[in-house]
Amino acid sequence: MRVSQLLVPTLREVPAEAEVISHQLLLRAGFIRKAAAGVYTFLPLAWRVIKKIEQIIREEMDRQGGQEILMPIIQPAELWQESGRWDVYGPELFRLKDRHGRDFCLGPTHEEIVTVLVRQEVSSYRQLPLLLYQIQNKYRDERRPRFGLLRGREFIMKDLYSFDRDEAGLDQSYQKMYEAYTRVFTRCGLKFRPVEADSGAIGGNDTHEFMVLAESGEALVVFCPDESCGYAANVERAATTVQDAGTREELPRPLEEVHTPGMHTVEQVTGFLGVDARRLIKTLLYQTEKGVVAALVRGDREVNEVKLQKVLDVLRLELADGATVERITGAVVGYAGPVGLQDVRLVADEEVMLLVNAVTGANRDDTHLINVNPGRDFVPHVVADIRQVRAGDPCPYCGAPLEETRGIEVGQIFKLGDKYSRVLGATYLDEHGQSRPMIMGCYGIGVTRTMAAAVEQNHDENGIIWPVSIAPFHVVVVPVNHKDERQFNLAEQVYRELLDNGVEVALDDRPERAGVKFKDADLIGYPLRITVGNQAVQTNELEVRYRATGETRMVPRERITGHVREYIALA
RNA sequence: CGGGAUGUGGCGCAGUUUGGCUAGCGCGCUUGCCUUGGGAGCAAGAGGCCGGGGGUUCAAAUCCCUCCAUCCCGACCA
C-alpha cells in the first residue's frame, strides 16, 4: 500500500475528548473517528487490525470445533419476551419499532436467537455437542460510554454458544474455550490473566474473565504470587480466609454504653476510644427492592456489594440515604449498630462473628456500645462472606499474601446450564427417547476492545507499538528524500520485492520531509521501518529500525526480504 | 440518573466577565520558491450559519430563556 493513497489522517495534537491513551493514540494515529458517543468508524488501519484479531479468533474457534454463523443485529421483541429479558434488560437495550409499530431491539447478545435456532433445527443427542459462533456488532446503550473503544455502545464481539447433552459435556466445552481464549490472547501478543469472576445477572456457576493487564483497566484483580497455586480472581468475586482480629482469647465482658460526641467515622471512633479498627463492627444500611438491609463488616473492611447482592438475591442495591438511616436507627449517620435494630434484615460478614468485645454504634446520637458480642447481643439473619478482599489478605488456597493488579476484561466464558434452554424450550431426545434440555455455555471476546487493550499495553511516548501478529502492516519503507530518484527507485524496488514475498508492507511515498514520515511511522506503530537514504544508495545496505526497541541495524540489500520475513515469523 | 465542565474553520485554543463596526492565533490544507535523516523556512491563498431555536437590543460569539451534543466524576450495567 502506498501511504500517499492511504486514508490515515494523523493528528499532531491530542483531541480534547480523549482521556485514555488508547483512545488518544487511535485517534491521533488515524485509526478511528467518532460518529457519536461510543460509536466509531474504523478507518483502513483499524480495520486491518480488527480483521487480524478476528482471523486469530476464527482459527482458534474452528480448532475447537466451532462453526461460524452470522445472526441478525435486529431482533424481534417476541424472542426477548419469551426469555423474559425484554423487561429485565432495562434501558441498556436499544429498542426500536418498525413501520408497523412492532417492537425490535439491537442485539446486545444473542442467546435468544441462537437458542431458538437450535430449538428448531436440532432434536437429537447425535447432533450434540454443537458449538456455534459469530463475529458481529453488538449494541448496549451504556449510561456512560467512555474510554473510547474500551466502553462503547456499538462494538464488535465474538460470541460462541455451546450446546451439550449434559453437565459433563458442558465442562468439556468450557475447557475447550478456556484453552482457545488462552491461545487467542497469547497469539495477539497480550499480557493477560484468566481470573475467576462473578457471573452477574447471566447466572450460572463457573465463569472466568480474561483480563489484559493494564493500569487503565476498570477491573481490579487479586492474584496469588505463588505460581504453583495460581489463584486469581476479580475482587467482585475474590475470597480470602477468615481472619481473627486478635480478640478471640478475651472473655466476654458486659455490654456498656459510651458517650462519643461527634464521632461517626471509623477513624474518629477508634481514635477516640483508643481501639483497633478491627474491633469495630461497621453497620451499613442498604436500600433494596426487598426493603432496607443492614450489612455488618469489621471496621477495617469494606463491603463487597456484588457479594452482598448475591447473598440477598436482590436486583437493586444502593446505600440508604441519611433520612432512611435516621428513620431506621433513630440516630444520625455514624451511630448505626446491630444491637436492637428493628425491621431490617441483618447480614453479617463471617469475620464479624469471631469478634469478642466489639465496638458498634448504639443507634442513638453520640453514643457507641462497647463489649458487644455477636450471638449474645445480636443475632444476624445471615452470616456470609460479604467483605472486599484486598492486597495482603491471605490466598484462600495457600495462604500467601494476595497481590493486586488492574485489568481490562477482553473475554468472559460462562456456564449457563439450562437457564435459556428451559425457558425457550431447546430440548433434545437422548438415546432412551427422553426429552432433555440442552446444557449451554456462552463465551464472548470483545474484538474492538481487544484492539484498544493492545494499545493500552503496547505504546510509548511516540505512539503505538503493535504486536506483530495484529499490526496493520508489518513494515513501512521510507525513502528519506522524495526528490532523490535513486532513493525513491530503491525504495520502490524494496517495496515491490517485499510485496511479492507476501510481506504486508507500506511505502511512504508522500512528498514529505523525513522527520514527518518518521514521526508518523512511530505514531502508527509499524513493527519495522526500512529507511532508504543516501547511505543505502551508496553502500547498498538498508537501515532497519525495530519499533519495539528503537534499535536499528544495517542489512545488505539482497538480504532484506529474508531478514524481514524472519523477523515476522519469529515474533 | 445525580454532580461538574465544554461547544468558535480539519485539530488545539483565544475572544464572552465589561455587547460595538472586517472573529483572531498556532497546527493542518492549497499554490510557488527554498529545504531534505526526527513534525524546516519564506510568500500568497482557501476554509467559520461562533452547537440549534427563541428572546432582549440600534447592535449579540458575548446578555436572557430553552433544547441538543460532547467530555469528566459518581451511581448503574456485564
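Residue numbers begin at 1 in each chain, while the letters A, B, ... track the order of the sequences. These values consider heavy atoms only, across backbone and side chains, with no hydrogens, waters or symmetry-generated copies.
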Quick one: label Glu218(A) by what it contacts on the DNA or RNA (base, sugar-phosphate, nothing), any heavy atom closer than 4.0 Å. nothing

Using the C1' atom as the point on both nucleotides, what is the distance between rA75(B) and rU17(B), in whole Å? 35 Å

So, is the end of the Arg153(A) side chain (NZ or CZ) under 6.0 Å from the ring centre of Tyr139(A) and within 45° of the ring's axis? no

Does OP1 or OP2 of rG39(B) have a side-chain N or O of Arg12(A) closer than 4.0 Å? no

Along RNA chain B (nearest heavy atom to each residue), the more 5'-positioned of His482(A) and Ala37(A): His482(A)

Which listed nucleotide (rG38(B), rA40(B), rC72(B)) is nearest to the side chain of Arg144(A)? rC72(B)

Gap between atoms CG and P, on Asp508(A) and rG37(B) respectively (whole Å): 15 Å

Need the pair for rG10(B). Rule: Watson-Crick or G-U wobble, both distances under 3.5 Å, any strand; none if unpaired. rC27(B)

With the side chain defined as heavy atoms from C-beta on, Glu543(A) is closest, among rG37(B), rU35(B), rC13(B), to rG37(B)

Salt-bridge criterion met for Asp508(A) and Arg529(A) (N-O under 4.0 Å): no

So is Arg48(A) actually on top of Phe473(A)'s ring, under 6.0 Å and inside 45° of the axis? yes

Rounding to an integer number of angstrom, what distance separates rC50(B) and rG10(B) when you compare their P atoms? 14 Å

Output one letter per nucleotide in nucleotides 29-34 of chain B: B when a protein non-hydrogen atom lies under 4.0 Å from the base, S when only the sugar-phosphate is that close, - when neither is. ------

In terms of side-chain geometry, is the basic nitrogen of Lys34(A) or Glu17(A) positioned less than 4.0 Å from the acidic oxygen of its partner? yes

Whole angstroms only, please: what is the CZ-P distance between Arg513(A) and rG28(B)? 12 Å

How would you label the contact of Asp520(A) with the nucleic acid (heavy atoms, under 4.0 Å): base, sugar-phosphate, or nothing? base

Nearest to the side chain of Glu305(A), heavy atoms from C-beta on, is which of rC76(B), rG38(B), rC72(B)? rC76(B)

From the list rG39(B), rA40(B), rA78(B), which nucleotide is the closest neighbour of the side chain of Thr10(A)? rG39(B)

If you find the nucleotide of RNA chain B closest to Gly38(A) and the one closest to Arg545(A), which residue's nucleotide is nearer the 5' end? Arg545(A)

Which value, in whole Å, describes the distance between the P atoms of nucleotides rG7(B) and rG12(B)? 11 Å

Euclidean distance for C1', rC13(B) against rC73(B) (whole angstrom): 24 Å

Can you label the angle between the His23(A) ring and the Tyr40(A) ring as parallel, tilted or perpendicular, going by 30° and 60°? perpendicular

What's Gln487(A) touching, base or sugar-phosphate or nothing? Going by heavy atoms closer than 4.0 Å. nothing

Scan Ala18(A) against the nucleic acid and name what it touches under 4.0 Å (heavy atoms): base, sugar-phosphate only, or nothing. nothing

Take atom P in rC58(B) and the same atom in rG19(B), then report the distance between them in whole Å. 15 Å

From the options rG39(B), rC71(B), rG38(B), select the nucleotide whose nearest atom is closest to the side chain of Arg28(A). rG39(B)

G-U wobble or Watson-Crick pairing nucleotide for rG19(B) (cut-off 3.5 Å, both distances): none

When all nucleic acid strands are considered with a 4.0 Å heavy-atom cut-off, which category describes Arg529(A): base, sugar-phosphate, or nothing? base

With C1' as the reference atom in both, quote the distance from rU35(B) to rA40(B) in angstrom, rounded to an integer. 7 Å

Candidate nucleotides rG28(B), rC72(B), rG37(B), ranked by approach to the side chain of Ala514(A) - the nearest: rG37(B)

Taking NZ, NE, NH1 and NH2 as the nitrogens, is one of them in Arg390(A) or Glu404(A) under 4.0 Å from a carboxylate oxygen of the other? no

Touch check for Val478(A), heavy atoms < 4.0 angstrom, all strands: base, sugar-phosphate only, or nothing? nothing

Counting the atoms with a prime plus P, OP1 and OP2 as sugar-phosphate, which does Leu319(A) contact under 4.0 Å by heavy atoms, base, sugar-phosphate, or nothing? nothing

What is the separation between atom CZ on Phe518(A) and atom P on rU36(B), rounded to the nearest whole Å? 15 Å

May I ask you to say what Thr531(A) touches in the nucleic acid, namely base, sugar-phosphate or nothing, with a heavy-atom cut-off under 4.0 Å? base

With both distances under 3.5 angstrom, what nucleotide forms a Watson-Crick or G-U wobble pair with rG2(B)? rC73(B)

To the nearest Å, give me how far apart NZ (Lys34(A)) and P (rC71(B)) are. 4 Å

Give me the distance, rounded to whole Å, that separates rA23(B) from rU30(B) when you measure between the P atoms they each carry. 26 Å

Out of rC73(B), rG39(B), rC11(B), which has the shortest distance to the side chain of Phe147(A)? rC73(B)

Gln535(A) CD to rU36(B) C1': how many Å, rounded? 16 Å

Aromatic plane relationship, Tyr89(A) with Trp80(A) - under 30° parallel, 30 to 60° tilted, over 60° perpendicular: perpendicular

Checking contacts here: which listed nucleotide (rC76(B), rG37(B), rA78(B)) is nearest the side-chain heavy atoms of Arg146(A)? rC76(B)

Hey, do the aromatic rings of Tyr443(A) and His208(A) have their centres closer than 6.0 Å? no

Is atom CZ of Arg553(A) surrounded by more than 12 heavy atoms (other residues, nucleotides or ligands) closer than 6.0 Å? no

Can a salt bridge be assigned to the pair Glu541(A) and Arg559(A) using a cut-off of 4.0 Å between side-chain N and carboxylate O? no

Closest to the side chain of Arg151(A), out of rC13(B), rU36(B), rC77(B), is rC77(B)

Could you work out which one of rG74(B), rC77(B), rG12(B) sits closest to the side chain of Glu92(A)? rC77(B)

